[in-house]
Amino acid sequence: MKILVCIKQVADLESRFVVPAGATWFDEADLSFRINEYDEYAIEEAVRLKESLPESELVVLTLGPPRAAEALKKALAMGADRAIHLNDPKAQDRDSFSVAQAIAGAVKDQGFDLIFTGMQSQDRGSGQVGLLLSELLGINGVSCVVGFAKTEGGIQVERELDGGLRAEVALGLPALVTCQLGLNQPRYPTLPNIMKAKKKPLETIELGPQTAPRVKAQGLSLPPKRGAAEFIEGDNATKVAKLVAILKEKKLVG
Amino acid sequence: MKAMLIGEVVGAKLNPSFAELLGFAGRLGAEVVGLVMGDTSDRPSFAGKLVLAAGPEYAPQAHKAMVQELVAAEKPDLVVLVHSAYGWDLAPRLAVALSAPQISEVKEVTDGVYQVGVCNGKLVRQLAPNPGLTILTLQAGAFAPAQESGSPTVENKTLPSLPGPGLVGYKSKPKTGVDLSKAERIVSVGRGIGKKENIELARKLAAVLKAELGSSRPVVDAGWIDPSHQVGSTGTTVAPKLYLACGISGAVQHLAGMKKSELIIAVNKDKEAPIGEVARYFVVADLMEFLPALTEALQ
């Protein structure tokens with residue numbers, strides 16, 4: 001079985017984001033980057049499947065600027081066999097369709113039986129690229145997956161719906177699955193595996209100029225302050241005293 | 001302006017969020033064509049046209065084909081769904097089939113420019129689609145539901161039978177543990193609690209406040225707490241008198257499940273955490289120091 005997992009490197013969301021005047025994306029200077037959390041579940045599920053099917057190959061792919069190669073190295077250390085970096089220093093200017101189109105172009109002739117991706121990225125959160133890719137490749141696709149099982153001739157997955165309900169869905173191969181948080185427990189790479197990963201092949205493909213996006217980014221801004229949260233600051237004792245007073249005033253404590 | 005609104009059917013019931021789609025169309029003054037796919041006897045009321053397509057409620061290839069057929073006939077400017085598991089799954093398929101731009105989880109629109117939250121709601125992007133048909137999914141709860149009135153003219157159709165992913169059945173998460181939906185007070189923990197052992201700090205505070213213990217999704221996913229404690233759109237939706245959010249940053253899905261609480265108090269190190277959008281009070285503090293001290297003061 002040939003397995004592909006598509007991942008994205010994103011900024012740490014705990015960061016303080018700075019948007020330069022007139023810019024459509026935040027300034028990346030001084031930020032730290034990591035694998036998109038949803039994609040870690042995708043990698044883990046793909047590695048487990050590969051481990052259960054000895055004759056299989058697991059390829060990890062990302063589309064991103066040069067820094068994104070680090071994410072591929074971690075995926076290799078988690079258990080992927082080789083990596084493909086679709087390098088685009090201006091990747092942030094692409095819309096979801098443009099990303100999916102570039103990935104489809106790179107993998108369409110490689111005969112993957114199963115493709116895993118995260119169900120969305122933590123930064124843009126559009127949740128589009130996975131299913132755009134399966135549609136462009138003309139294969140089965142299913143989203144929001146919290147349960148995965150290989151069956152005779154296909155797969156059966158559980159999709160997470162609102163309010164704790166799950167839908168069981170069956171589909172044939174080849175297929176693409178987008179992974180929701182909680183699908184598994186992603187592993188931490190061990191030191192020996194990190195060392196081994198350094199010897200695994202990482203191919204860099206330079207992407208050509210971008211075509212015009214279908215959706216144009218016009219701006220990026222801080223959200224309007226809707227809430228009127230009152231900040232309680234100071235030393236610990238002061239904060240505790242203030243909060244106790246509030247709880248008493250609201251008659252939540254005696 | 002003409003909008004095709006696609007309803008979601010789960011368990012033979014039309015999701016009431018259809019009223020939010022109508023509210024959105026109303027805001028734009030758009031003519032409405034409703035499309036409901038699946039076997040349901042629920043009928044939304046509105047002025048316009050309603051197409052009822054009988055067949056399975058989850059069969060993405062058949063649903064896509066039905067939308068394609070209807071878009072060719074009706075020529076709408078917008079195809080609109082709720083950004084739920086259904087809209088999430090169908091919209092990108094439509095974007096490819098219809099060669100149309102797609103914008104996800106829209107929370108506001110002004111003069112054809114759509115606003116969407118990014119980076120866990122810390123930033124807002126302004127997006128403009130190319131001219132022509134656009135596919136939209138709307139953030140749940142972002143647009144006020146329409147006060148529905150009128151009865152649409154109904155056209156009945158049948159979904160085609162096509163190969164592709166198919167629904168086998170539904171199952172619920174096992175109903176064990178706590179029932180948060182009726183709790184009057186909730187002390188809720190998020191990823192900021194750091195590790196499983198630290199949840200005890202929140203549990204002790206909850207005991208003193210006579211509150212139930214809630215959590216955000218990452219705490220459940222990490223296996224630190226039973227899933228019955230999860231608050232949010234994919235967990236339990238709550239509206240207690242007191243919601244004390246400890247180390248919860250405030251993902252959209254979490255906010256959707258608790259923002260109707262009467263009094264929301266956040267405790268967080270990060271002053272810019274989106275939970276501040278819904279909190280009345282925001283204690284800027286380290287949980288390890290603050291929670292034990294608060295518990296002691298209340299004892």
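- Between chain A and the options Val267(B), Asp270(B), Ile275(B), Leu263(B), heavy-atom pairs under 4.5 Å are most frequent for Leu263(B).
- Side-chain contact, Gln126(B) with Ser221(A): a donor N or O sits under 3.5 Å from an acceptor N or O.
- For chain A, no part of Val252(B) is nearby; none of its heavy atoms comes within less than 4.5 Å.
- In the model, His229(B) has no side-chain atom that pairs as donor or acceptor with a side-chain atom of Ser215(B) under 3.5 Å.
- For the set Val208(B), Leu242(B), Thr134(B), the count of heavy-atom pairs under 4.5 angstrom toward chain A peaks at Leu242(B).
- A donor atom on one side chain and an acceptor atom on the other are not found under 3.5 Å apart for Ser249(B) and Arg191(B).
- Side-chain atoms of Thr238(A) and Asp235(A) form a donor-acceptor pair, as typed in the model, at a separation below 3.5 Å.
- Neither the backbone nor the side chain of Pro186(A) comes within less than 4.5 Å of any heavy atom of chain B.
- For a residue to count as touching a neighbouring chain, one of its non-hydrogen atoms must lie under 4.5 Å from one of that chain's; by this rule Leu127(B) touches chain A with backbone and side chain alike.
- Neither the backbone nor the side chain of Ser96(A) has a heavy atom closer than 4.5 Å to any heavy atom of chain B.
- Looking at Thr137(B), neither its backbone nor its side chain comes within 4.5 Å of chain A, counting heavy atoms on both sides.
- Neither the backbone nor the side chain of Val145(A) comes within less than 4.5 Å of any heavy atom in chain B.
- Scored by the ring pair (Phe, Tyr, Trp, His ring centres under 6.0 Å) test, Tyr281(B) finds no partners at all (sequence neighbours excluded).
- Under the 4.0 Å criterion applied to side-chain N and carboxylate O atoms, Glu40(A) and Lys74(A) are assigned as salt-bridge partners.
- Listed options Glu37(A), Glu14(A), Gln122(A) were ranked by heavy-atom pairs under 4.5 angstrom with chain B; first place goes to Glu37(A).
- Interface residue Leu167(B): backbone and side-chain heavy atoms are both found under 4.5 Å from chain A.
- Heavy atoms closer than 4.5 Å to chain A are found nowhere in Glu184(B), neither backbone nor side chain.
- Under the 3.5 Å distance criterion, the side-chain polar atoms of His83(B) are left unmatched by any main-chain donor or acceptor of Val106(B).
- Counting heavy-atom pairs closer than 4.5 Å to chain B, the top residue among Asp162(A), Val169(A), Leu171(A) is Val169(A).
- By number of non-hydrogen pairs under 4.5 angstrom with chain A, the leading residue of Ile103(B), Val283(B), Asp89(B) is Asp89(B).
- Ion pairing between Lys241(B) and Glu262(B) fails under the 4.0 Å rule for side-chain N and carboxylate O.
- When each of Leu181(A), Leu222(A), Leu247(A) is scored by its heavy-atom pairs under 4.5 Å with chain B, the top score falls to Leu181(A).
- In the model, Tyr58(B) has no side-chain atom that pairs as donor or acceptor with a side-chain atom of His63(B) under 3.5 Å.
- Using a 4.5 Å cut-off between heavy atoms, Ala222(B) contacts chain A through its backbone alone, with no side-chain atom that close.
- Of the two parts of Lys242(A), neither the backbone nor the side chain holds a non-hydrogen atom closer than 4.5 Å to a non-hydrogen atom of chain B.
- Only the side chain of Val113(B) comes within contact range of chain A, with heavy atoms under 4.5 Å apart.
- Between chain B and the options Gln156(A), Lys248(A), Gln185(A), the largest number of non-hydrogen pairs under 4.5 Å is found for Gln185(A).
- If you tally non-hydrogen atom pairs under 4.5 Å between each of Arg217(B), Glu8(B), Lys122(B), Glu289(B) and chain A, the highest count goes to Arg217(B).
- Under the 3.5 Å distance criterion, with hydrogens and angles disregarded, a donor-acceptor pair is assigned to the side chains of Thr234(B) and Gln230(B).
- At a 4.5 Å heavy-atom cutoff, Ile155(A) makes no contact with chain B through either its backbone or its side chain.
- There is a side-chain donor-acceptor pair under 3.5 Å between Gln9(A) and Arg67(A).
- Per-residue heavy-atom pair counts under 4.5 Å with chain B were compared for Phe97(A), Phe26(A), Tyr41(A), Phe17(A), and the maximum is reached by Phe17(A).
- Looking at Val19(A), the atoms closer than 4.5 Å to chain B (heavy atoms on both sides) all sit in the side chain, from C-beta outward.
- The closest side-chain donor-acceptor pair between Glu45(A) and Asn184(A) falls under 3.5 angstrom.
- With a 4.5 Å cut-off on non-hydrogen atoms, Ile265(B) touches chain A through its side chain but not through its backbone.
- If you measure heavy-atom distances from Ile264(B) to chain A, you find no contacts under 4.5 Å at all.
- In this structure, the portions of Asn120(B) lying under 4.5 Å from any heavy atom of chain A include both its backbone and its side chain.
- Ranked by non-hydrogen atom pairs under 4.5 Å with chain A, the options Thr237(B), Leu209(B), Val118(B), Asn130(B) are led by Asn130(B).
- Contacts between Lys64(B) and chain A at a heavy-atom distance below 4.5 Å involve the side chain alone, from C-beta outward.
- For Ala100(B), the part lying under 4.5 angstrom from a heavy atom of chain A is the backbone only.
- Ion pairing between a basic and an acidic side chain is recognised when a charged N comes within 4.0 Å of a carboxylate O; Asp95(A) and Lys216(A) show no such pairing.
- For the options Leu243(A), Ile139(A), Leu183(A), heavy-atom pairs under 4.5 Å to chain B are most numerous at Leu243(A).
- Comment: Glu272(B) engages Arg16(A) in a salt bridge, judged by a side-chain N to carboxylate O separation of less than 4.0 angstrom.
- Interface remark: Arg124(A) contributes backbone and side-chain atoms alike to the contact with chain B (heavy atom separation under 4.5 Å).
- In this structure, Lys271(B) is positioned above the aromatic face of Phe231(A), its NZ or CZ under 6.0 Å from the six-membered ring centre and within 45° of the axis.
- The environment of NZ in Lys150(A) is crowded: more than 12 heavy-atom neighbours from other residues, nucleotides or ligands sit within 6.0 Å.
- Atom CD of Glu233(A) has more than 12 heavy atoms from other residues, nucleotides or ligands within 6.0 Å.
- Contact count against chain A (heavy-atom pairs under 4.5 Å) is highest for Pro165(B) among Ala285(B), Gly232(B), Pro129(B), Pro165(B).
- The closest side-chain donor-acceptor pair between Gln128(A) and Ser104(B) falls under 3.5 angstrom.
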